[in-house]
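Structure first, then comments.
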Amino acid sequence: MRVVPVRDARPDDWPSVKNLLAELGRPDVREDPDEPRHREAFERYLERDDTFALVADEDGEIVGFVDVEFRQRLNFLDPQAWVPDLVVAERARGTGAGRRLLEEAERRARERGCWGMTLESANWRDSSHAFYEHVGWTDTGKSFTRAISDLQWPPAPR
């Protein structure tokens, strides 16, 4: 099996990244009037010292994306790596892109001295949950959210 190439995300990857993020079922910024501000936020994210973002790049086509933030938990001396987003294009699932993105994220988290990694996944993403368990992650709990603005997230349960 061919190993899917993974590299650091760059500002010019935004058009592909925003398309991938839309596949997660979160608010879609592709046609949003504020899309330029979302792009600016992405570019600032890439410059931060406490984050990194990677893409799976198949012959010039971005087929996967992961971003990682390092956060301090008060009951641990070392940081924890948190994955806010991991997505592989539907057409590229099963190619090893997701596994490669997580492997590289874990390698970098180890280099940073992290004690562990965590991520959240929407409760309706059953195939994603199966993938995480398949690659060695453990389901450890639930995530709760509360909208405190006009933005209605998450969407109504399916």
Side-chain angles (χ1 to χ4, degrees), residues 1-27 29 35-123 125-145 153-154:
M1 176 186 273
R2 185 172 181 268
V3 175
V4 177
V6 170
R7 64 166 172 78
D8 287 302
R10 303 182 298 242
D12 64 334
D13 293 326
W14 173 244
S16 297
V17 169
K18 74 178 175 180
N19 289 334
L20 286 168
L21 291 173
E23 288 192 36
L24 285 175
R26 297 194 189 139
V29 302
E35 187 274 337
R37 292 177 55 209
H38 290 282
R39 180 186 189 119
E40 291 170 6
F42 173 70
E43 291 173 0
R44 284 191 310 272
Y45 190 92
L46 297 180
E47 295 174 1
R48 288 174 41 185
D49 292 332
D50 63 339
T51 67
F52 67 86
L54 305 169
V55 294
D57 186 338
E58 278 278 14
D59 302 318
E61 180 183 4
I62 306 302
V63 298
F65 173 76
V66 67
D67 55 325
V68 177
E69 298 183 15
F70 300 106
R71 62 186 187 180
Q72 189 64 50
R73 305 300 293 259
L74 296 179
N75 52 339
F76 292 89
L77 295 176
D78 296 321
Q80 179 186 43
W82 173 54
V83 178
D85 308 292
L86 170 65
V87 60
V88 173
E90 190 169 340
R91 69 187 176 287
R93 293 179 187 157
T95 65
R99 179 186 295 266
R100 281 286 300 123
L101 287 164
L102 281 177
E103 286 172 348
E104 181 60 15
E106 182 177 334
R107 185 188 72 73
R108 291 182 185 205
R110 285 179 189 277
E111 280 183 356
R112 182 83 175 226
C114 291
W115 63 267
M117 295 181 70
T118 189
L119 59 80
E120 292 125 25
S121 181
N123 57 7
R125 300 187 61 83
D126 295 330
S127 63
S128 296
H129 306 161
F131 165 73
Y132 297 133
E133 289 179 355
H134 177 73
V135 297
W137 288 61
T138 303
D139 183 353
T140 59
K142 296 194 176 284
S143 177
F144 295 88
T145 189
W153 181 255

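Index from 1, following the sequence.
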* Asked: Measuring from Lys18:NZ to Arg39:CZ, what's the distance to the nearest 0.5 Å?
  -> 7.5 Å

* Set of side-chain contact (heavy atoms from CB on, under 4.5 Å) partners for Glu23, sequence neighbours left out -> Leu20, Val87, Ala89, Glu90, Arg93

* Listed by chain and number, what are the ring-ring contact (aromatic ring centres under 6.0 Å, His included) partners of Trp137, not counting sequence neighbours? -> none

* What residues, two or more places apart in sequence or in another chain, satisfy salt bridge (Lys or Arg N to Asp or Glu O under 4.0 Å) together with Glu133? -> none

* Structure fact -> Applied to residues 75-86, the salt bridge (charged side-chain N to carboxylate O under 4.0 Å, His left out) test, sequence neighbours excluded, yields Arg26-Asp85

* Asked: Which value, rounded to the nearest 0.5 Å, describes the distance between Glu35 atom CD and Glu40 atom CD?
  -> 9.5 Å

* Asked: What are the two closest non-hydrogen atoms of Tyr45 and Phe52, and how far apart are they?
  -> CE2-O, 4.1 Å

* **Any donor-acceptor pair under 3.5 Å from Glu43 side chain to Glu47 backbone** => no

* More than 12 foreign heavy atoms under 6.0 Å from CG of Asp49: is that the case here? -> no

* Structure fact -> Minimal heavy-atom distance between Ala81 and Cys114, with the atoms involved, is N-SG, 3.8 Å

* Asked: Under a 4.0 Å N-O cut-off, is there an ion pair linking Asp13 with Arg7?
  -> yes

* Structure fact -> Between Arg112 and Pro79 the two heavy atoms that sit nearest each other are O-CG, 4.2 Å

* Asked: For the residue pair Trp14 and Phe42, does the interplanar ring angle fall in the parallel (under 30°), tilted (30 to 60°) or perpendicular (over 60°) class?
  -> tilted

* side-chain contact (heavy atoms from CB on, under 4.5 Å) between Val68 and Glu104, worked out -> CA-CA 11 Å; Val68 177; Glu104 181 60 15; over 6 Å; no

* Structure fact -> All heavy atoms of Val4 vs all of Thr95, minimum pair found to be CG2-O, 3.5 Å

* **Contact check, side chains of Val17 and Val55, non-hydrogen atoms, under 4.5 Å** => yes

* Taking only residues two or more places apart in sequence or in another chain, which ones pass salt bridge (Lys or Arg N to Asp or Glu O under 4.0 Å) with Asp12? -> Arg10

* **Worked check of side-chain contact (heavy atoms from CB on, under 4.5 Å) between Arg100 and Glu103** => CA-CA 5 Å; Arg100 281 286 300 123; Glu103 286 172 348; 3.6 Å; yes

* Structure fact -> Taken in chain and number order and not counting sequence neighbours, the residues that satisfy ring-ring contact (aromatic ring centres under 6.0 Å, His included) with Trp82 are none

* So, for Ile62 and Arg91, which heavy atoms are closest and what is the spacing to 0.1 Å? -> O-NH2, 4.3 Å

* **Separation between CG of Leu77 and CH2 of Trp115, rounded to the nearest 0.5 Å** => 12.0 Å

* Asked: So, for Val66 and Val83, which heavy atoms are closest and what is the spacing to 0.1 Å?
  -> CG2-CG1, 3.6 Å

* To do: Starting at CG of Leu54, measure out to CZ of Arg108 and round the result to the nearest 0.5 Å.
  => 4.5 Å

